[in-house]
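Below is one structure; the comments refer to it alone.
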Amino acid sequence: MLFVMVLILVVSSIYSVSAQSDNENALDKNDRMRKVPDLDNMLTPTITATLTGLSLTGGTFLVNMARNTDKDSVGIHIHLARKFFIKAFFMFLICTVLLFIFDFIEILDENNILIYTILDVIITYALFGIGAVYLVNAAKQLYTIYGK
């Protein structure tokens, strides 16, 4: 339940940032280069840090729970969910760190800011997407255990 609430919060915050930037884009359609920094500003450390904490909490909870289960089908699903939570944790953690690193590089080298911003958007969104896929897989494993 907590997982679904946090996921809804993240999606709504992304949608809210997108809705706010739509007003600016409607006024300024000729400036296409401005859209890359807008994409860079949509994925913030607040979103990735929240998902990092969620993944760590889920993985920690399942580590403690896995000690009490046998190696039956429930134990296998718990083990797989724990692995997916841990993988998601590392993807979101790396994404958060890279957001800070790229922002720092963009501040230091303003001459090549567009190149760094494009790299920032591509890499961080890819890591964010991979982490989200791992969270979905963990949720599927948990649903097979507790959703019945």
Side-chain angles (χ1 to χ4, degrees), residues 1-67 75-147:
M1 184 70 164
L2 177 65
F3 171 73
V4 173
M5 289 175 28
V6 171
L7 202 55
I8 290 172
L9 176 69
V10 169
V11 170
S12 67
S13 64
I14 290 172
Y15 178 74
S16 132
V17 170
S18 173
Q20 290 173 359
S21 68
D22 284 345
N23 291 336
E24 296 172 5
N25 290 341
L27 298 174
D28 201 20
K29 289 190 177 200
N30 293 333
D31 192 7
R32 298 201 186 267
M33 297 309 270
R34 190 167 183 260
K35 290 185 180 183
V36 174
D38 288 343
L39 279 175
D40 183 32
N41 294 332
M42 282 177 65
L43 187 62
T44 62
T46 305
I47 295 169
T48 57
T50 302
L51 290 173
T52 303
L54 174 69
S55 304
L56 182 62
T57 303
T60 304
F61 172 73
L62 291 178
V63 165
N64 292 334
M65 179 176 269
R67 292 181 188 150
I76 292 170
H77 287 293
I78 289 175
H79 178 72
L80 288 174
R82 182 182 63 197
K83 286 174 78 172
F84 285 130
F85 270 124
I86 291 170
K87 288 177 182 180
F89 164 74
F90 280 113
M91 289 297 121
F92 291 132
L93 182 65
I94 291 168
C95 185
T96 306
V97 170
L98 285 177
L99 281 170
F100 284 116
I101 290 173
F102 276 117
D103 286 344
F104 185 71
I105 290 172
E106 290 168 4
I107 291 170
L108 287 180
D109 190 12
E110 291 183 12
N111 296 334
N112 298 322
I113 195 167
L114 185 63
I115 294 170
Y116 294 128
T117 305
I118 290 171
L119 284 174
D120 179 11
V121 167
I122 291 170
I123 293 171
T124 54
Y125 275 87
L127 290 172
F128 184 81
I130 293 169
V133 168
Y134 285 139
L135 275 183
V136 168
N137 288 335
K140 286 180 183 177
Q141 293 298 325
L142 289 176
Y143 180 76
T144 57
I145 300 168
Y146 299 111

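Note that the numbering runs from 1 along the sequence shown for the chain.
To the nearest 0.5 Å, atom CD of residue Gln141 and atom NE2 of residue His79 are 10.5 Å apart. Here the straight-line distance linking atom CZ of Phe84 with atom CG of Leu142 works out to 11.0 Å at 0.5 Å rounding. Put simply, OG1 on Thr117 and CD on Glu106 are 3.5 Å apart, with the number rounded to the nearest 0.5 Å. Separating the CG atom in Leu127 from the CD1 atom in Ile122 is a distance of 12.0 Å, to the nearest 0.5 Å. Put simply, CG on Asp103 and OG1 on Thr124 are 9.0 Å apart, with the number rounded to the nearest 0.5 Å. Rounding to the nearest 0.5 Å gives a distance of 8.5 Å between CG of Leu80 and OG1 of Thr144.
Scanning for side chain to side chain donor-acceptor pair (under 3.5 Å) contacts around Tyr116 gives Asp109, with sequence neighbours left out. For Lys140, the side-chain contact (heavy atoms from CB on, under 4.5 Å) criterion is met by Val136, Asn137, not counting sequence neighbours.
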Could you list the donor-acceptor pairs under 3.5 angstrom formed between side-chain atoms of residues 89-101 and any protein atom two or more places apart in sequence or on another chain?
from  : atom 1 : to    : atom 2 : distance (Å)
Thr96 : OG1    : Thr48 : OG1    : 2.7
Thr96 : OG1    : Phe92 : O      : 2.8

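Across all their heavy atoms, Ala138 and Ala81 have their closest contact at CB-O, 3.8 Å. In this structure, Ala88 and Gly131 approach most closely via the heavy-atom pair CB-O, 3.6 Å.
Counting heavy atoms from C-beta on, the side chains of Ile107 and Phe102 never come closer than 4.5 Å.
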